[in-house]
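Presented below is the structure to which this report refers.
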Amino acid sequence: MRRNLLKVWKAFGFLKAANSQNKETMTRVKNEDCDATTNGLSDECYKSWMMEHPSAITSFDQMVSKAKGKSIVVFLDYDGTLSPIVDNPDLAFMSDEMRSAVREVAKNFPTAIISGRSREKVYEFVQLTEVYYAGSHGMDIMGPPHQVKSCDAQYQIKALDKQGHEVILFQPAIDFLPAIQKISNVLEEKTQKIEGALIEDNRFCISVHFRRVHEKDYDTLEEKVKSVVKNYPEFRLTSGKKVMEIRPSIKWDKGCALEYLLDALGFSDSSDVLPLYIGDDRTDEDAFKVIRRRGEGYPIIVSSTPKETKAAYSLRDPSEVLYFLTHLAQWRNSFSGHSVD
């Protein structure tokens with residue numbers, strides 16, 4: 001049955017058939033942004049997909065029933081999860097309701113936001129001091145004031161947050177900063193004549209947004225970006241929702257950031273912790289994989305269309321994320337302490 005379902009999804013563009021790696025960058029992104037209303041069978045496909053990735057809202061009671069005697073740690077993506085995807089990434093504001101929900105969750109559970117944006121940019125959007133922040137896909141973490149022994153000490157720096165509290169800054173890609181700045185400058189120059197192209201410097205990675213680029217210019221933009229990246233073999237090109245990203249080729253991603261923060265919070269080898277991660281992007285799959293490997297926790301994907309994912313549960317859009325987080329905080333407020341006894 002699963003095999004037949006996969007064939008149906010591929011036939012209607014929900015899954016990309018196997019292609020060579022070097023042709024995927026923008027093609028996959030264009031396919032991923034399909035509107036679920038454009039095909040009469042989309043609703044049926046989504047319902048079938050949800051049989052394997054049930055709603056985290058309707059599954060809420062079942063999920064929290066497993067939290068007895070355990071500590072929940074919450075991890076959240078930003079764009080497409082806490083805020084809607086918008087044409088101008090500088091205008092991806094979260095609602096006051098979402099901010100209040102995240103604040104309430106953070107009062108009850110250790111909470112971190114892991115984003116591809118720069119850590120400073122995410123803080124500008126979220127404006128909450130109660131959460132930990134990891135920017136640049138986890139390559140720039142402001143976490144608890146405890147060094148993680150499994151990570152190189154030279155990249156863990158003691159610092160003070162905006163409230164004067166001691167924290168640890170973990171920045172495993174700091175050696176790449178000069179090259180990142182050069183790449184950013186070259187990209188700005190090479191893409192300036194492509195209408196709608198936007199280069200976003202996320203400090204430890206660079207995003208090339210093309211949501212506002214005319215479709216006829218997609219290939220030209222991709223060629224220009226690839227022509228720059230090929231001169232920097234220590235960097236790699238990845239893709240997301242109407243965005244290409246240039247990142248250092250180090251073994252670090254959102255999954256590694258999740259493990260780092262769990263370790264810094266004292267949960268590295270604990271079987272009494274349930275990490276909960278909500279995200280919508282391909283980069284969030286690395287965190288989903290880590291939770292799957294741990295065998296404890298809840299990887300939740302935000303998607304209104306069927307897609308291949310390691311997530312166990314799903315939420316349709318940020319409005320459902322808001323409902324879920326609100327419900328989670330309300331549920332937790334009926335207990336005291338960090339563990340549900």
Side-chain angles (χ1 to χ4, degrees), residues 14 29 32-39 42-64 72 74-109 111-117 121-128 130-131 133 211 240-243 254 276-285 287-288 298-307 309 311-333:
F14 294 121
V29 174
E32 277 194 356
D33 281 341
C34 64
D35 186 341
T37 65
T38 60
N39 191 293
S42 294
D43 287 343
E44 290 304 316
C45 288
Y46 188 74
K47 290 177 182 177
S48 297
W49 177 78
M50 286 191 66
M51 292 177 66
E52 294 189 27
H53 312 284
S55 167
I57 293 174
T58 58
S59 304
F60 184 83
D61 290 342
Q62 176 188 355
M63 293 167 67
V64 297
I72 294 175
V74 178
F75 299 92
L76 304 165
D77 180 30
Y78 183 76
D79 292 277
T81 300
L82 299 181
S83 72
I85 298 293
V86 295
D87 288 345
N88 185 344
D90 291 332
L91 301 179
F93 303 113
M94 69 190 304
S95 66
D96 290 338
E97 292 81 5
M98 183 69 84
R99 183 173 294 104
S100 295
V102 174
R103 181 186 290 113
E104 287 302 311
V105 167
K107 286 179 181 179
N108 292 287
F109 310 100
T111 302
I113 296 175
I114 305 179
S115 171
R117 304 280 198 127
K121 185 68 174 181
V122 177
Y123 180 81
E124 288 178 14
F125 281 135
V126 179
Q127 298 176 14
L128 293 176
E130 295 90 343
V131 306
Y133 292 90
R211 189 168 293 275
K241 293 183 175 180
K242 291 292 180 72
V243 63
K254 289 185 176 182
L276 184 155
Y277 190 107
I278 306 177
D280 75 305
D281 196 63
R282 185 179 296 109
T283 57
D284 299 310
E285 293 293 329
F288 296 161
Y298 303 116
I300 305 172
I301 190 168
V302 183
S303 180
S304 60
T305 59
K307 62 172 62 176
T309 180
Y313 298 93
S314 66
L315 293 166
R316 195 175 185 92
D317 51 35
S319 68
E320 289 199 355
V321 174
L322 173 60
Y323 184 92
F324 179 85
L325 293 178
T326 300
H327 199 29
L328 181 65
Q330 291 173 345
W331 170 79
R332 189 59 181 84
N333 280 333

Taking all non-hydrogen atoms of both residues into account, name the closest pair between Ala56 and Tyr313 and its distance. CB-CB, 4.1 Å
side-chain contact (heavy atoms from CB on, under 4.5 Å) with Leu82: which of Ile113, Asp77, Asp280, Val122? Ile113
Smallest separation among heavy atoms of Arg117 and Ala92, with atom names: NH2-CB, 3.5 Å
To the nearest 0.5 Å, atom CG of Asp284 lies from atom OG of Ser115 at 9.0 Å
To the nearest 0.5 angstrom, please state how far the CD atom of Glu320 sits from the CD1 atom of Ile300. 11.0 Å
His327 (side chain) donor-acceptor with Ile57 (main chain) under 3.5 angstrom: no
For Tyr298 and Tyr277: C-alpha separation, side-chain torsions, deciding distance, then whether ring pair (Phe, Tyr, Trp, His ring centres under 6.0 Å) applies. CA-CA 6 Å; Tyr298 303 116; Tyr277 190 107; over 10 Å; no
So, taking the atom named CZ in Phe288 and the one named CZ in Arg282, what distance separates them when rounded to the nearest 0.5 Å? 12.5 Å
Hey, does Glu285 have a side-chain heavy atom less than 4.5 Å from the side chain of Ile301? yes
Any side-chain heavy-atom pair from Leu325 and Leu76 closer than 4.5 angstrom? yes
Arg103 side chain to Val131 main-chain N or O, any donor-acceptor pair under 3.5 Å? no
Rounded distance [0.5 Å steps], NE2 in His53 versus OG in Ser59: 12.5 Å
Answer yes or no: is there a side-chain heavy-atom contact under 4.5 Å between Thr326 and Glu97? no
Sole candidate of Met98, Met94, Lys121 that passes side-chain contact (heavy atoms from CB on, under 4.5 Å) when paired with Val126: Met94
Are Lys107 and Asn333 close enough that some pair of their side-chain heavy atoms sits under 4.5 Å apart? no
I want to check something: taking the side chain as every heavy atom from C-beta on, are Thr309 and Trp49 in contact at a cut-off of under 4.5 Å? yes
Do the non-hydrogen side-chain atoms of Asp79 and Asp281 ever get within less than 4.5 Å of each other? no
Can you tell if the side chain of Lys241 reaches within under 4.5 Å of the side chain of Arg211, non-hydrogen atoms only? yes
Distance to the ring centre below 6.0 angstrom and angle to the axis at most 45 degrees; does that hold for Arg316 and Tyr46? yes
If every non-hydrogen atom of Val302 is compared with every non-hydrogen atom of Pro318, which pair is closest and at what distance? CG1-N, 4.3 Å
Heavy-atom distance under 4.5 Å between the side chains of Leu328 and Phe109, does that happen here? yes
What distance do Asp61 atom CG and Trp331 atom CH2 have between them, rounded to the nearest 0.5 Å? 10.0 Å
Within 6.0 angstrom of Phe60 CZ, more than 12 heavy atoms from elsewhere: yes
Once you round to the nearest 0.5 Å, how far does CD1 of Ile114 lie from OH of Tyr78? 16.0 Å
